[in-house]
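On a predicted model such as this, the values are computed, not experimentally measured, just so you know. Chain identifiers are assigned alphabetically (A, B, ...) following the order of the sequence lines, protein sequences preceding nucleic acid strands; residue numbering begins at 1 within each chain.
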Amino acid sequence: MRTLALLAALALLASMSLGLIQVLRGPGAADRMMGVQLLGTSGIGVLLLLAVAIEQPALIDVALIFALLAAVAAAALTRRRLQEPPE
Amino acid sequence: MTAAFLFSAITLPLGCLFFAAGSIGLLRLPDLFTRLHALTKADNLGLGLLICGLLPWVESPWQGLKLVLIWLLVLLAGATGAHLVAKRALRGDGEDLQ
Amino acid sequence: MPAIVHRHWTTVLARGALFSLLWLILAGTDPWSWLIGLPSVALATHASLALSPPRRRRPRVLALLAFIPYFVAQSLRGGFDVALRVLAPRPRIAPGFIDYHSRLTDPAARVLFLDTVSLLPGTLGADMHGQRLRVHAIDTGVDVRPELIALEQRVAALFAREGHG
């Protein structure tokens with residue numbers, strides 16, 4: 001099981017690097033935000049997998065904080081009144 | 001090879017597959033709205049499957065509930081975020097109109 | 001505050017129980033954790049009563065239990081649908097907007113409807129003006145209205161008032 005969880009975490013990391021490309025590419029702030037949101041969710045996945053793989057339950061709490069922040073992040077982006085015109 | 005392991009051996013890779021589909025969707029789809037489709041659905045299902053696959057391996061039922069709580073939070077954040085981003089793109093602003 | 005507690009003591013108890021469960025999940029079963037947990041639960045209950053005053057609505061536990069499997073099934077369908085579209089050699093999409101007039105009158109019900117629309121295959125809840133919803137469809141060649149109506153009925157069942165079934 002530990003190997004399985006570690007392999008899955010590795011696969012998620014690979015998928016996260018694809019998400020990073022999206023953050024770099026944009027073009028708009030919202031497109032980048034979506035990339036960041038994907039990174040956040042994948043990051044939560046990696047943390048949970050590692051929590052089981054290396055038997056560190058504290059990582060679950062870290063993932064919980066990530067999840068709480070994810071809820072704020074999208075709201076913060078969209079509630080902000082931008083100077084630039086929307087894409 | 002136990003049933004629990006078999007279960008995880010199906011759900012964990014499937015979850016990763018949905019995350020990958022989400023990333024690929026972000027890169028391949030042409031505009032903001034279609035990308036949102038890929039992001040919300042693939043992501044939430046991806047994490048849901050991962051958490052299902054991990055549930056048999058947690059130390060206590062409370063920890064399992066904590067995983068489910070994380071999934072609910074991400075679900076809420078994903079659905080609300082998608083709606084807010086779409087609304088902002090449509091109106092050029094995120095404020096609610098009455 | 002005491003007036004609220006007196007008139008809606010079932011709501012106060014239910015919310016207190018919910019926040020206590022949440023604390024158990026977060027902090028575990030160590031009895032000493034309640035030293036912080038009890039005040040937190042009390043404050044959370046107080047805040048929830050202030051932000052979302054109790055309404056005369058019976059909690060529809062059975063409807064909620066019936067909603068969960070539907071929700072999971074739609075998430076799976078929606079996820080597979082979008083994954084297959086994205087992974088096709090040429091992404092199969094024909095995006096466009098659909099305007100949908102919702103019959104839901106409860107604002108909370110409308111928000112739940114809009115959020116779950118995003119999980120149905122091919123649709124994304126984009127915008128809302130009162131009862132008029134703007135839904136983004138990834139493939140306008142597929143008629144999604146029957147699915148929207150089915151979902152709306154399920155959400156309405158969750159929020160049904162007393163005396164309406």
Most chain B-contacting option - heavy-atom pairs closer than 4.5 Å, from Ala63(A), Gly35(A), Ala8(A), Ser42(A): Ser42(A)
Contacts of type side chain to side chain donor-acceptor pair (under 3.5 Å), residue Gln22(A), not counting sequence neighbours: Arg25(A)
Leading residue by heavy atom contact count with chain B [cutoff under 4.5 Å; candidates Ala9(A), Ala11(A), Pro57(A)]: Pro57(A)
Interface residue of largest heavy-atom contact number with chain A, from Leu50(B), Asp43(B), Ile51(B), under 4.5 Å: Asp43(B)
Flag side-chain contact, heavy atom, 4.5 Å: Phe19(B) against Leu47(B): yes
Which portion of Ser8(B) sits near chain A, non-hydrogen atoms under 4.5 angstrom: both
Interface residue of largest heavy-atom contact number with chain A, from Gly81(B), Ser23(B), Ala4(B), under 4.5 Å: Ser23(B)
Sub-4.5 Å side-chain heavy-atom contact between Leu50(A) and Leu6(A): yes
Contacts of residues 12-20 of chain A with chain B (heavy atom under 4.5 Å): Leu12(A), Ser15(A), Leu18(A), Gly19(A)
Side chain, backbone, both or neither of Leu76(B) within contact of chain A (heavy atoms, under 4.5 Å): neither
Nearest atoms (heavy-atom pairs only) where Lys66(B) meets Asp61(A): NZ-OD1, 2.6 Å
Side chain to side chain, Thr41(A) and Phe66(A), heavy atoms closer than 4.5 Å: no
Side-chain touch Cys52(B)/Phe7(B), heavy atoms, less than 4.5 angstrom: yes
Side chain to side chain contact (heavy atoms under 4.5 Å, CB included) assessment of Ile54(A) paired with Leu59(A): CA-CA 10 Å; Ile54(A) 61 176; Leu59(A) 288 178; 4.2 Å; yes
Leu24(A) backbone acceptor or donor facing Arg32(A) side chain under 3.5 Å: yes
Most contacts with chain A, counted as non-hydrogen pairs under 4.5 angstrom, among Val85(B), Leu54(B), Asp31(B), Leu67(B): Leu54(B)
Pairs of heavy atoms under 4.5 Å with chain A: top-ranked of Ile24(B), Leu26(B), Leu36(B): Leu26(B)
Phe33(B), CZ atom: more than 12 neighbouring heavy atoms under 6.0 Å: yes
Under 4.5 Å from any heavy atom of chain B - which part of Leu39(A): neither
Which atoms of Leu39(B) approach chain A - backbone, side chain, both or neither, heavy atom under 4.5 Å: side chain
Rounded distance (nearest 0.5 Å) linking atom CG of Leu55(B) with atom CD of Gln63(B): 10.5 Å
pair Leu69(B)-Leu65(B): side-chain heavy atoms closer than 4.5 Å: no
